[in-house]
Amino acid sequence: MKGFIFTEFIRFVEESHGLAIVDEMIESSNLPSRGVYSAFNSYPFDELATMLTFICNKTKDSAEFLLEEFGKFVFPYLIGKHSYIIKEYKNPLDLIAGIESHIHIEVKKLYEDAELPEFRLVEKQDNKLVMIYDSKRGLTYFAIGLMKQTLTHFEVNGKVWIDSKYKENTGVKLIVEINE
Amino acid sequence: MSNSSVDILKRALERERKAKLIAEDFVEKRLRELYLENVSLTQNLSTQEEFQKYLIDNLVDALFVVDFKGNILKVNKEAKLLLGVDDDNLPNNINEFSVVNRDRINKYFSRSNYKENHSEFQFQFYNRKKEHKVVRIKSRILINTKNKPYAYQAIVRDVTENYELDLKIKEQLEVKKFEALILKDLLTSNDIFNNAWTLVNHIANFLKTDDCVFYGLVNNKLIQLAATGNKISSDKTILNKLKIPITDGVIGQVARSKKGIIVKDTTLHDSYIVDVESRLSEIAVPILLDEELIGVIDSEHIEKNYYKTSHLEFLSNISSLIAFQIKNSVNQLEKRLKQDELEKTRKRLEIIFNSDHNAEVIESNDGYIIDIGDGFLKMFGMPLSMKNKLLGMRCSKAREQLKNLFIDEDNYSKNISDRISNLRPVLNETLELKDGRFLARDYVPIFFKGRIESHVWRFRDITLSVNYEKSIEAQNRKYKGLIGNMNLGLMEIDSDNTILTVNKAFCAMYGYESKELLGHKADDTLLNTQHNLCKSKSEDDIKISNNDVNELEIITKNGDIRYWLVNRNSNKNINNNVIGSICIYLDITELKQLNIKNEGLIKNLTASNEELSHYAHLVSHDLKTPLRTISTCVYWLQEDNNDILSAESNDFITTINDTLKDMDKLITSTLQFAEIRMANSSIDENIDLNAVLETYRKNKFLDSDDEFTFTIEKPLPTIVFNRVQIQQVFQNLVDNSYKYKDEQKQSYVKINWEDQEEFLLFKISDNGIGIAKEHSSFVFEIFKKVGNRTDSTGVGLWIIKKIINSAGGKIWFDSKLGVGTTFYFTIKKQ
């Protein structure tokens with residue numbers, strides 16, 4: 001897992017719960033990296049899971065909630081860094097639809113070792129987008145957070161939710177809908 | 001800041017520093033990698049460029065770089081060779097060259113085309129040295145540093161030689177294929193027509209034209225044996241079966257010179273013969289076998305300058321291939337035509353020979369039967385199957401058998417040997433058979449090359465015509481006798497009224513001998529006729545008045561005046577032209593005199609009848625007066641002496657009275673009868689029967705009688721009749737119904753009528769007492785009456801019958817005793 005997730009997660013915990021909690025989280029978690037993260041490198045996913053669990057226990061918030069909040073938190077960082085990618089998009093649905101076909105390709109140019117989830121586009125209308133999110137890791141809510149923040153970024157009202165009727169083994173069906 | 005806070009920050013700072021080191025390491029490592037990659041790529045690239053340059057220069061194919069506007073940016077050595085240029089005069093643009101189908105080339109090199117799949121592409125052009133080149137191009141797009149396509153790099157291979165070789169091979173292949181096709185057809189079939197048609201179709205296909213004609217030399221004329229295109233109708237008969245004398249036209253020219261020619265423009269060629277439609281170029285080659293002309297193959301094309309020398313070679317080649325076969329076929333055709341002709345003649349002769357009309361026998365010069373017609377067998381009653389037995393038989397033997405059929409047996413045989421020894425045709429000899437038939441016989445000797453070859457005996461049955469002539473003669477005699485002996489006078493005259501024939505009766509009527517009349521004009525005054533004998537009229541009148549009978553007053557030879565009726569009919573010849581007339585005369589002088597006598601008699605009779613009627617009227621009227629006096633006197637006598645007269649005397653007086661009454665009635669009837677007779681002479685008039693019966697009904701007060709109904713079932717017609725008489729008829733009949741009504745029932749009388757074609761039928765029916773069968777026979781007799789009724793005179797029905805009958809009608813009745821009576825009578829319609 002790319003290092004920026006870890007550096008941003010630590011920043012996220014620091015901003016939401018303070019540096020003391022960050023310190024406590026790293027000191028008590030016995031991480032192989034000892035909490036030293038560089039955005040260039042990759043680190044085991046387990047370390048993120050360990051830190052997330054710690055925060056859940058500490059704050060009594062659900063992992064899903066935390067991940068979604070984390071997603072929203074990361075969005076400005078991502079677009080700030082990679083504005084040359086984002087500026088091509090004029091609306092949130094095009095951007096989300098372009099994750100797989102465009103954004104991930106740009107990511108791969110920088111980090112060829114990046115392990116990226118799949119976003120398979122099922123349906124795209126002017127105000128609605130249906131896709132299958134398929135990842136080795138359970139970061140669905142992280143993705144939802146990112147998408148919700150995308151809507152906010154484009155100053156659009158809308159919803160993102162999981163289609164509970166979707167029962168396939170691989171992936172989760174995500175629906176993004178914009179209010180008229 | 002607390003210690004713990006400081007610790008936390010220290011730790012966080014420591015983590016950040018470490019992370020920074022890690023990141024620096026990563027970046028340094030990555031930079032180094034990139035540097036190395038770059039160095040190796042640059043080296044690689046220069047080697048590649050050099051290699052490419054080398055490759056291009058040594059390429060066996062031409063290489064062009066052409067931009068989208070067709071500008072030539074770069075060429076190699078080979079390309080210069082291909083274009084026929086050197087370094088001094090390098091072309092700028094591909095459009096400087098003459099290219100077959102330029103649009104295709106321009107499209108190929110256009111900008112819009114670069115995304116399309118650039119496959120191999122072949123085209124032809126003419127280079128600077130005017131050489132025809134066929135090239136094959138493979139190209140790829142070139143991209144500039146800005147990643148934009150800007151030109152095509154095209155590898156161009158010169159395939160001119162291959163192309164021409166290919167064409168030649170194709171052409172030869174085509175020729176061989178076609179030759180094989182023709183040979184196959186010729187070998188598999190000997191039928192000239194099939195051959196010829198196959199041939200022309202193949203040739204036309206090969207020459208890519210719709211017109212090819214094959215002429216065969218038959219009887220020194222070129223005859224179209226087969227043709228393609230619009231000369232062939234569906235049944236393969238040539239529409240315009242052109243026969244060309246060997247001297248005429250392009251084909252004639254070929255036939256004479258025995259050399260194939262191409263006519264590039266037929267409009268410039270004076271010997272061109274227009275066939276179905278005019279075409280502008282023509283090719284023709286002779287079919288020769290050992291320098292002998294067998295036929296001509298000819299093809300035309302609508303375009304000028306169509307045929308090439310290669311076509312001529314090809315056709316010549318074909319013609320030599322097929323010559324032998326065609327010769328054979330032409331020979332066969334000629335033979336077949338002759339055979340057909342012979343066969344047709346034979347068939348015709350056979351039909352004629354075997355027709356029933358011709359009974360013929362052909363005898364060979366040495367006396368055998370060569371042929372026998374079916375008609376002959378039939379004539380002599382032999383079955384047709386006998387024919388085979390008779391053929392080859394000696395004629396003398398056959399004659400022996402036939403001879404006894406003829407009346408003149410001996411002459412028959414002798415006659416024949418005379419004929420044969422004379423060898424002269426003898427026609428129409430009449431022979432009589434024992435069975436009553438007559439035959440006409442013709443004898444014709446047949447010579448072949450000056451020598452007697454055979455004898456033909458032909459028989460015809462002329463019985464009918466012989467008998468016909470005989471019967472005509474007999475008839476003629478019969479009618480002449482009839483005419484001569486009949487009582488009517490008959491005279492035949494020609495159209496100039498000259499007398500041709502007269503019969504005995506005419507002479508007797510007229511008093512002249514026939515020789516005094518024949519040759520004279522019928523209207524000649526010499527004949528003492530007050531009127532002309534034939535009432536000379538114009539021809540038109542005669543036609544119209546045919547069958548008219550006219551009366552003539554004639555003065556006979558001894559001066560008597562006679563009255564004749566004449567009927568004149570025009571006499572026509574076979575062609576229906578009038579050649580004269582036949583007049584038939586009847587002497588009616590006696591009849592006429594009788595008539596005149598009769599007329600006088602009738603006049604007298606009528607007069608005396610009228611007198612009689614008048615007299616009867618007078619008498620009956622006058623008789624009534626004394627009768628009344630007697631009646632009155634007897635009445636007074638009885639009144640005055642009633643008490644002294646014995647019963648017997650009284651009875652006598654009663655008898656006298658009854659008798660007087662009877663007598664009175666008799667006189668009344670007689671009076672009535674006389675009146676009717678007198679009324680007879682009065683005139684018929686239009687009478688409305690409804691009015692007549694209405695008056696009668698009122699006078700009789702029939703309406704006031706409850707026990708008797710009088711009905712007219714439908715309105716009666718108006719008739720033309722004597723008024724008194726018709727009144728009497730209806731009155732009498734209705735009176736009778738009333739008189740003889742049946743007191744036991746409600747009585748009626750009904751009057752009805754029907755319109756029958758020529759008559760009006762009237763019905764007067766009642767339900768009276770009816771007429772007994774035994775009385776029915778004398779109902780209409782005068783003075784007959786049933787019973788002793790004092791109100792009936794017995795004259796009424798008799799009078800009615802007289803009236804109806806004399807007006808041409810009938811009266812009768814149906815009756816059943818106790819049921820009723822219906823009287824019917826008819827009146828002739830006017």
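Each chain gets a letter, A, B and so on, in the order the sequences are listed, and its residues count up from 1.
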Considering only heavy atoms, give the residues of residues 27-38 of chain A separated from chain B by less than 4.5 Å, sorted numerically, with 'none' for an empty result. A/E27, A/R34, A/G35, A/V36, A/Y37, A/S38
Quick check on side chain to side chain contact (heavy atoms under 4.5 Å, CB included): which of B/L9, B/I8, B/D7 does A/D23 satisfy it with? B/I8
For atom OH of A/Y141, decide whether the heavy atoms of other residues, nucleotides or ligands shown that lie under 6.0 angstrom number more than 12. no
I need the contact set between residues 87-106 of chain A and chain B: heavy-atom distance under 4.5 Å, sorted by residue number. none
Would one find more than 12 heavy atoms of other residues, nucleotides or ligands at under 6.0 Å from atom CD of A/Q125? yes
For B/E33, look at atom CD and say whether over 12 heavy atoms of other residues, nucleotides or ligands are found less than 6.0 Å away. yes
Neighbourhood of chain A inside residues 35-42 of chain B, taking heavy atoms under 4.5 Å as contact: none
What part of A/I10 gets within 4.5 angstrom of chain B, counting heavy atoms only: side chain, backbone, both, or neither? neither
Residue A/K124 excluded, over 12 heavy atoms near NZ under 6.0 Å: yes
Within a 6.0 Å radius of atom CG on A/D126, are there more than 12 heavy atoms belonging to other residues, nucleotides or ligands? no
Who in residues 13-28 of chain B is close to chain A, using a strict under-4.5 Å heavy-atom cut-off? B/R15, B/K18, B/A19, B/I22, B/A23, B/F26, B/V27
Around A/E155, counting heavy atoms of other residues, nucleotides and ligands shown, do more than 12 lie under 6.0 Å from its CD? no
